[in-house]
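To start, the structure itself, in structure tokens.
Atoms within each ligand, like the ligands themselves, are counted from 1 in listed order. Computed from a predicted structure; not experimentally measured.
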Amino acid sequence: MVHGGQDSAGGARGVFITFEGGDGAGKSTHIRFLAKALRRHGLEVVSLREPGGTPIGEKLRQVVLDPGNGELSDESELLVFEAARAQLVSEVIKPALERGAVVLCDRFTDSTLAYQACGRGLSAEFVRRANEFACQGVCPCRTILLVAGGSAASLKRATRRGADRIERGGAAFHERVMEGFLEAARREPERIRTVESAGKRSDTARAVFAQLADLFPWMADELDDGRLFAQLDRPPRRRNRGGRPARKEGGRG
Ligand code: TYD
């Protein structure tokens with residue numbers, strides 16, 4: 001089995017890739033697409049989101065995102081994110097990397113620096129130490145920062161169905177968060193690769209693969225061929241009320 005040839009943490013054999021960006025940057029679409037491609041190449045893929053990914057983490061997620069918890073202090077918010085992360089690392093990420101899996105995580109430590117340090121104004125030094133404590137020696141070997149043409153536009157997309165507690169932070173908060181991500185990418189250009197996600201989904205997916213091709217050499221062939229990406233621009237199939245794809249006229253049953 002191919003592992004991408006990178007150690008993510010103390011002798012672990014797997015590959016740990018995180019996706020970052022403002023709310024509504026399209027992370028979940030591109031993580032799903034990448035996971036499918038990796039699985040087709042015979043790799044075990046563990047796809048996670050933060051906060052969450054464990055039963056305890058999902059409960060903590062509710063605490064931190066519930067708009068009803070308006071009184072949650074910034075300090076407490078940081079510790080809830082870190083608690084969820086510590087649980088996810090020990091319960092899921094470490095064992096998966098030890099098995100040699102590819103772990104894809106929708107948000108990780110860079111979000112905490114961007115949201116809690118740059119956005120909320122907590123000490124960046126303390127947030128870094130808290131991140132380190134929660135991560136127990138695990139760190140992403142590559143991070144894709146998806147940037148979707150300004151924080152206001154992507155936030156609007158993300159909150160179409162109602163904003164959670166963090167999304168209600170306001171425009172200035174989200175601008176500071178975005179600046180925090182961009183600053184992190186300037187500081188660590190080798191790990192954090194910025195990908196524009198304002199255009200066609202297929203273009204974004206190609207750019208994501210291009211930033212990972214050194215870890216998975218077969219991606220270079222997919223990039224040359226190009227057909228894999230075209231499916232992302234097809235309109236979604238119509239669904240009937242039961243949530244199943246609508247049958248074509250004249251089809252069975
Ligand atoms: P989610 O609905 O998963 O947002 P998205 O789909 O945009 O990723 O909610 C996670 C929210 O939590 C998101 O607004 C970012 C925020 N967050 C932090 O503030 N700090 C963190 O450390 C993490 C992991 C997330």
Q: Counting heavy atoms only, name the option from L65, V80, T109 that's nearest to atom 11 (C) of ligand 1.
A: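 Looking at heavy atoms only, L65 sits closest to atom 11 (C) of ligand 1.
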
Q. Nearest heavy atom to atom 20 (N) of ligand 1: which of Q116, H174, E20 does it belong to?
A. Q116

**Q.** Any residue meeting salt bridge (Lys or Arg N to Asp or Glu O under 4.0 Å) with R201, in chain and number order, not counting sequence neighbours
**A.** none

Q: Using a strict 4.0 Å cut-off to heavy atoms of R85, name the atoms of ligand 1 that fall inside it.
A: 22 (O), 24 (C)

Q) Which ligand 1 atoms, with their elements, are less than 4.0 angstrom from a heavy-atom of T112? A)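 Near T112, the atoms of ligand 1 are 21 (C), 22 (O).
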
Q) More than 12 heavy atoms of other residues, nucleotides or ligands under 6.0 Å from CZ of R227: is that the case? A) no

Q) Can a non-hydrogen atom of R107 be found less than 4.0 Å from any atom of ligand 1? A)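 For ligand 1, residue contact (heavy atoms, under 4.0 Å) with R107 is present.
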
Q | Whether R61 lies under 4.0 Å from ligand 1, heavy atom | A |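 Yes, R61 has heavy atoms under 4.0 Å from ligand 1.
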
Can you give me every donor-acceptor pair (side chain of residues 58-65, partner residue at least two apart or in another chain, under 3.5 Å) with its distance?
{"residue": "E58", "atom": "OE1", "partner": "R49", "partner atom": "NH2", "Å": "2.8"}
{"residue": "E58", "atom": "OE2", "partner": "G53", "partner atom": "N", "Å": "2.9"}
{"residue": "R61", "atom": "NH1", "partner": "P51", "partner atom": "O", "Å": "3.0"}

Q: Indicate yes or no: does R191 engage D110 in a salt bridge with an N to O separation below 4.0 Å.
A: yes

**Q.** Aromatic plane relationship, F33 with F229 - under 30° parallel, 30 to 60° tilted, over 60° perpendicular
**A.**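 Tilted, since the angle between the ring planes falls between 30° and 60°.
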
Q | Contact (N/O only, under 3.5 Å) between E167 and ligand 1 | A | no

Q. Relative to Y115, does R120 satisfy both conditions: NZ or CZ under 6.0 angstrom from the six-membered ring centre, and within 45 degrees of the ring's axis?
A.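 The answer is no; the distance or angle limit is not met.
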
